[in-house]
Amino acid sequence: MATAGTIRHIAAAPEPRPHRIEPVAGVPLIFELSSDGRRGADGPPRPDGIARGADILGRELCREDLPGFPELSEPQVLRHFLRLSQLNFAQALQFYPLGSCTMKYNPVLNEEMAALPGFAALHPATPEHLAQGALELMERMEAALAEITGMDAVSLAPAAGAQGELTGLLMIRAFHRKRGEHRHKVIIPDTAHGTNPASCTLAGFQVIVAKSNNRGFLEAAEIRRLASDDVAAMMVTNPNTLGIFEPEIREIATTLHEKGALLYLDGANMNALLGVAKPGDMGADIVQLNLHKTFSTPHGGGGPGAGPIGVKRHLEPLLPMPRLARTGDGLRFETNRPDSIGRLRSYHGNFGMLVRAYAYILALGGDGLAQASRLAILGAKYLRKRLEEKFPSATGEPSMHECVLTHDLEKRADVSTLEIAKRLLDFGIHPPTIYFPLVVPGALMIEPTETESREILDSFVTAMEKIYDEALNDPELVKGAPYSTVVSRVDEAEAARHPILRWQPKEK
Ligand SMILES: *Cc1c(COP(=O)(O)O)cnc(C)c1O
């Protein structure tokens, strides 16, 4: 628990100043550590005085001088970046129960596999006949994801969940156009992730909102009411963002199909379904997967994502380029695909992520993946049950891999969900997702994942209970949190409106 003794620093939000980045809590910028002529070890100097790197790069590519480039000794560089890495919360150090986002442990084995020189040093423009091993990994990965999702074909090209959504929607548009239909609406439930309506708008569709019922799920009757000849598709997340399974999903799929519309299943978070249930069996025509969530690859700022999409056979010709095909001489990227929606990005997807996720799938195997889902569900149910007295569930339906909780502290003590979340930082716990889904006022959305131990879950319960009591007895304590982080409260709106992205030297 955070006591005065553990409080390291309390910093007010720095005054925003144009073109200057203030050093955070005494850690200077690398430019400010620079000292003219300082160097790391580089072996004995060459007789011609040319830097050693020139041997590898070629002399013509090396500059004699790079004005303003920081000059430091090797230990200075090491210490600088290690210190920076400690200013942040990290999944490798702390519990990170971020609902919907699935921040799970990234196995070290994945990293080792991705670092194998045959993978890590492979240039994306390597001719196909010299990259057959990598292409085979992609082929096997497509097959594994098709099996997991119950779909007929998979593309590994999209670089994130949201790009997978956009890919799916562009395919939906192309599918209807090809049949001579101009459907311009997409149904999205009121519990949807924000990227769903954003992707629809980007793809030129108009969004119609489907209301979930007071138990938190969608009724087929609501979809029957909304489905018309204008509707191209419905996008749905299952389990939905309240963490509950959509019990009428198959009836919803049938209703849509009868009306000529498609079902897009947002499979960003498959942590309840792996090895247990398949979107293909639920009637989905398209599903995307976030490898950086369910498949244990690093997330967000920690690394590039990957959002493969799977489709049923009738949509396969529309899949984006490049498309892998097995020919008489091995694996090739097909170039003649007249119905394809085209390319989404450079090269073949984020290959390093595919290697990591494939390693995860092989390491666990089919039974292991199912066990992971069951443990993820067990963890969420456990937290919900242990916390229900002070933080009741937003729904009476059984929770799957995440639970959405509420509280009465706003009313009783004028303490908001944001303030509870900030206070958790003082207990060494990353805050859960808050104020989402939007249908639950003041929501706390908690996803423990399968990788956390009972002890960690118990310490989270203890922290939440303590914060509840603090809010009632000493609300100002909670409202001023966090006290133990390098920076306390930051001005989030200012950071978004006036980002300062470039360092400029002080005038001498
Ligand atoms: C995370 C998430 C997305 C978006 O995925 P990104 O990789 O962040 O673009 C979409 N839908 C749901 C349900 C998600 O949880």
Side-chain angles (χ1 to χ4, degrees), residues 91 96-104 106 145 149 155-170 186-203 207 210 212 216-218 233-246 249 263-274 279 282 284 286-310 344-345 349-350 352-354 356-357 376 380 399-404 432-440 443 445-449:
Q91 208 275 333
Y96 219 116
L98 207 55
S100 194
C101 288
T102 318
M103 296 293 275
K104 67 165 87 170
N106 307 142
L145 296 181
T149 54
S155 164
L156 306 172
Q163 200 179 36
E165 291 173 26
L166 181 64
T167 309
L169 288 159
L170 293 177
V186 172
I187 304 175
I188 296 186
D190 53 6
T191 52
H193 192 267
T195 50
N196 291 181
S199 300
C200 281
T201 307
L202 265 181
V207 172
S212 33
F217 60 81
L218 283 170
M234 170 164 185
M235 289 183 96
V236 64
T237 306
N238 191 25
N240 67 26
T241 61
L242 280 163
I244 63 182
F245 192 88
E246 291 288 352
I249 187 72
L263 178 61
Y264 180 104
L265 205 131
D266 180 341
N269 187 332
M270 282 273 292
N271 238 25
L273 302 185
L274 278 185
M282 297 171 202
I286 307 181
V287 60
Q288 115 272 357
L289 303 167
N290 285 19
L291 302 189
H292 45 291
K293 291 182 179 169
T294 318
F295 294 90
S296 82
T297 72
H299 204 294
I309 72 166
L344 298 161
R345 48 160 294 150
N350 281 329
M353 292 303 123
L354 307 180
R356 287 173 175 84
S399 291
M400 296 290 125
H401 58 295
E402 57 199 2
C403 55
V404 178
T433 300
I434 54 173
Y435 300 117
F436 180 73
L438 304 176
V439 291
V440 179
M445 185 193 213
I446 296 159
E447 181 180 8
T449 80

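As the structure lists them, so they are numbered: ligands from 1, and atoms in each ligand from 1.
- Within the 3.5 Å criterion, the main-chain N or O of Ala306 finds a donor-acceptor partner in the side chain of His292.
- With hydrogens and angles disregarded, a donor-acceptor distance shorter than 3.5 Å links the side chain of Thr241 to the backbone of Thr191.
- The main-chain N or O of Leu291 is found under 3.5 Å from a side-chain atom of Thr297 such that the two form a donor-acceptor pair.
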Can Thr102 and Asn271 be said to form a side-chain hydrogen bond (donor to acceptor under 3.5 Å, both in side chains), step by step? CA-CA 8 Å; Thr102 318; Asn271 238 25; 4.8 Å; no

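- With sequence neighbours excluded, the residues satisfying ring pair (Phe, Tyr, Trp, His ring centres under 6.0 Å) with Phe436 are His193.
- Protein residues with any heavy atom under 4.0 Å from ligand 1: Ser100, Ala160, Gly161, Ala162, Glu165, His193, Thr195, Thr237, Asp266, Ala268, Asn290, His292, Lys293.
- Within the 3.5 Å criterion, the main-chain N or O of Gly307 finds no donor-acceptor partner in the side chain of Gln288.
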